[in-house]
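Below are the structure tokens for one structure; questions will follow.
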Amino acid sequence: MAAEGDFLMRYRAVSNKLKKRFLRKPNVAEASEQFGQLAKELKQQDCLQYAAFCDLAMARCEQTLFNAPGEALALTDAARLFLLSEKENRALQAPGFDEHLQAALNCYSFAIKVYIEMNQPVMAASLSLELGNALKEMNRPGEAIVHYQRAAELQTQQPIESLLSMGEMATCKILTRDYDGALSVLTEIQLMCQERGLQLPGTSTPVGAFLDIVAKCEISRVLLLMLLEPPPQKLLPEHAQTLERYAWESFDPHSQVTFLPENVFLLLQSVVVCEGQVSHMRINMSIIVALSQL
């Protein structure tokens, strides 16, 4: 309680310096520095939520000074402190209303907005990814999807990073049992790799990281199609083409999928053939998740 009282007294003392007085302009820069120093001291004392409030006050000061980089940095620090405080509460199984998590979400959103206004989409995307990863780690994959999607949209100039963010989005859809949505995202990733990825001269075979991404998508798409078992009349052309590659009737050793190892190709072919013969076969959920994260 003594530490809390000392914090409140110092916080109010610095806040009072920002009040407008007759013929006297408040020293916002000094107040921002003092809020930052108080935040550091509170962080060392493991008073994370109080330190976060000081960082928020610092962000408001930096906004008044029209210092966008300083504002974004202070908002990011506050978001991370609120998130750490939420994780500590969960580790202790303390009752609550996710107030620290909501505060972290708001701080991340404002920081991302500031970076977008500064024309720094890479920094904004990194914060979206950081927030998505945190929510996924906290067993909230449904809430993480929108942040991975936002990161992918902000990474249009970095194709590899954008595809990886979309891959995380597909994984979260699988975790929430939205298999149709996951299949749609993985199909989009594969098409983007073919359109924007590096390819061997004279072929349509991707190379480097694009090859790994296409291979992972292919495995997950085949397994998802086996799980969903869409009727022929509802099977999209691209999905039908995928299954045909692994059917014995259309098997051609010379036209084997070039972006998959031979053993993986044969395993997938066995799965497709067995599924066609045994109608009650289902792919285990854990296998789908593991393969989608390869």
Side-chain angles (χ1 to χ4, degrees), residues 3-4 7-8 10-11 14-15 31-65 67-155 158 161 164-165 168-169 171-172:
E4 180 178 349
F7 153 70
L8 291 174
R10 293 178 61 183
Y11 186 90
V14 179
S15 298
S32 177
E33 183 179 351
Q34 290 177 353
F35 278 129
Q37 182 60 37
L38 182 56
K40 290 180 181 178
E41 295 178 12
L42 290 168
K43 187 177 179 181
Q44 291 174 353
Q45 298 171 18
D46 287 332
C47 299
L48 301 181
Q49 68 272 31
Y50 295 144
F53 284 123
C54 290
D55 280 326
L56 276 179
M58 183 179 176
R60 288 193 291 269
C61 292
E62 296 299 330
Q63 183 184 39
T64 304
L65 296 169
N67 181 14
E71 179 188 0
L73 182 60
L75 285 169
T76 303
D77 288 341
R80 289 169 178 166
L81 288 171
F82 278 127
L83 198 59
L84 284 173
S85 183
E86 179 67 24
K87 289 180 179 179
E88 283 190 357
N89 286 351
R90 286 173 175 266
L92 295 172
Q93 297 183 351
F97 299 97
D98 296 337
E99 61 274 10
H100 294 151
L101 178 60
Q102 293 303 319
L105 291 173
N106 291 333
C107 291
Y108 271 116
S109 296
F110 281 118
I112 290 169
K113 181 181 178 181
V114 172
Y115 277 123
I116 291 175
E117 292 174 351
M118 292 168 58
N119 196 25
Q120 293 189 15
V122 175
M123 293 298 296
S126 67
L127 289 183
S128 294
L129 276 176
E130 184 177 317
L131 180 53
N133 291 335
L135 289 170
K136 181 181 174 185
E137 182 183 344
M138 297 169 69
N139 198 25
R140 290 172 175 257
E143 298 177 31
I145 292 174
V146 64
H147 300 290
Y148 285 128
Q149 183 176 5
R150 190 176 189 182
E153 293 170 354
L154 291 168
Q155 294 169 323
Q158 296 85 31
E161 286 76 7
L164 293 175
S165 298
E168 292 290 346
M169 183 168 59
T171 301
C172 289

Minimum side-chain heavy-atom gap His100-Glu88 below 4.5 Å:
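A side-chain contact under 4.5 Å is absent here.
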Distance (rounded to the nearest 0.5 Å) between Glu99 CD and Asn89 CG:
7.0 Å
Looking only at atom types and distance, does a side-chain atom of Thr76 sit under 3.5 Å from a main-chain N or O of Ala72, one as donor and one as acceptor?
yes
Of the options Ser126, Ser128, Ser165, which is the one that meets Gln155 in a side chain to side chain donor-acceptor pair (under 3.5 Å)?
Ser165
Mind listing the closest non-hydrogen atom pair of Gly132 and Ala144 along with its distance?
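Minimum heavy-atom contact is O-CB, 3.4 Å.
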Would you check, one step at a time, whether the test side chain to side chain contact (heavy atoms under 4.5 Å, CB included) holds for Thr171 with Lys136?
CA-CA 10 Å; Thr171 301; Lys136 181 181 174 185; 3.9 Å; yes
Please tell me if the side chains of Gln102 and Phe97 come closer than 4.5 Å, counting only heavy atoms from C-beta onward.
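No, side chains not in contact.
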Between Arg140 and Asp98 (salt bridge meaning N to carboxylate O under 4.0 Å), is one present in this structure?
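Asp98 and Arg140: salt-bridged.
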Rounded distance [0.5 Å steps], CD in Gln149 versus CG in Leu154
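Gln149 CD to Leu154 CG: 11.0 Å, rounded to 0.5 Å.
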Residue pair Leu131 / Tyr108: nearest heavy atoms and the distance that separates them
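Minimum heavy-atom separation between Leu131 and Tyr108: CD1-CD1, 3.7 Å.
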Kindly give the heavy-atom pair with the smallest separation between Asp55 and Ala39, and that separation in Å.
OD1-CB, 3.6 Å
Can Leu101 and Met138 be said to form a side chain to side chain contact (heavy atoms under 4.5 Å, CB included), step by step?
CA-CA 10 Å; Leu101 178 60; Met138 297 169 69; 4.2 Å; yes
Minimum-distance pair of heavy atoms, taken over all atoms of Glu71 and Glu62:
N-CB, 3.5 Å
Flag if over 12 foreign heavy atoms under 6.0 Å of NZ, Lys43:
no
Quick one: CZ on Arg60 to CZ on Phe35, what's the gap to the nearest 0.5 Å?
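So the CZ of Arg60 and the CZ of Phe35 are separated by 7.0 Å.
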Would you check if the side chain of Tyr148 reaches a backbone N or O of Asn133 as a donor-acceptor pair within less than 3.5 Å?
yes
Separation between CD of Gln37 and SG of Cys54, rounded to the nearest 0.5 Å
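Output value for this atom pair is 10.5 Å.
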Any non-hydrogen side-chain atom of Arg90 less than 4.5 Å from a side-chain atom of Glu86?
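Yes, side chains in contact.
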Which residues share a ring-ring contact (aromatic ring centres under 6.0 Å, His included) with Phe82, sequence neighbours left out
Phe53
Step by step, work out the side chain to side chain contact (heavy atoms under 4.5 Å, CB included) result for Leu48 and Arg80.
CA-CA 9 Å; Leu48 301 181; Arg80 289 169 178 166; over 6 Å; no
Where is the tightest heavy-atom contact between Phe7 and Leu38, given as atom of each residue plus distance?
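Heavy atoms of Phe7 and Leu38 come nearest at CD1-CD2, 4.1 Å.
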How long is the straight-line distance from OG of Ser109 back to CG of Leu127, given to the nearest 0.5 Å?
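So the CG of Leu127 and the OG of Ser109 are separated by 10.0 Å.
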Does some side-chain heavy atom of Leu75 sit less than 4.5 Å from a side-chain heavy atom of Gln63?
no
Is there side-chain contact between Glu41 and Arg10, with heavy atoms separated by less than 4.5 Å?
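In short, these two side chains touch, coming nearer than 4.5 Å.
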One should read off an interatomic distance between Lys87 NZ and Glu137 CD, to the nearest 0.5 angstrom, of 4.0 Å
Under the side chain to side chain contact (heavy atoms under 4.5 Å, CB included) criterion, do Leu129 and Leu164 qualify, and how do the steps go?
CA-CA 10 Å; Leu129 276 176; Leu164 293 175; over 6 Å; no
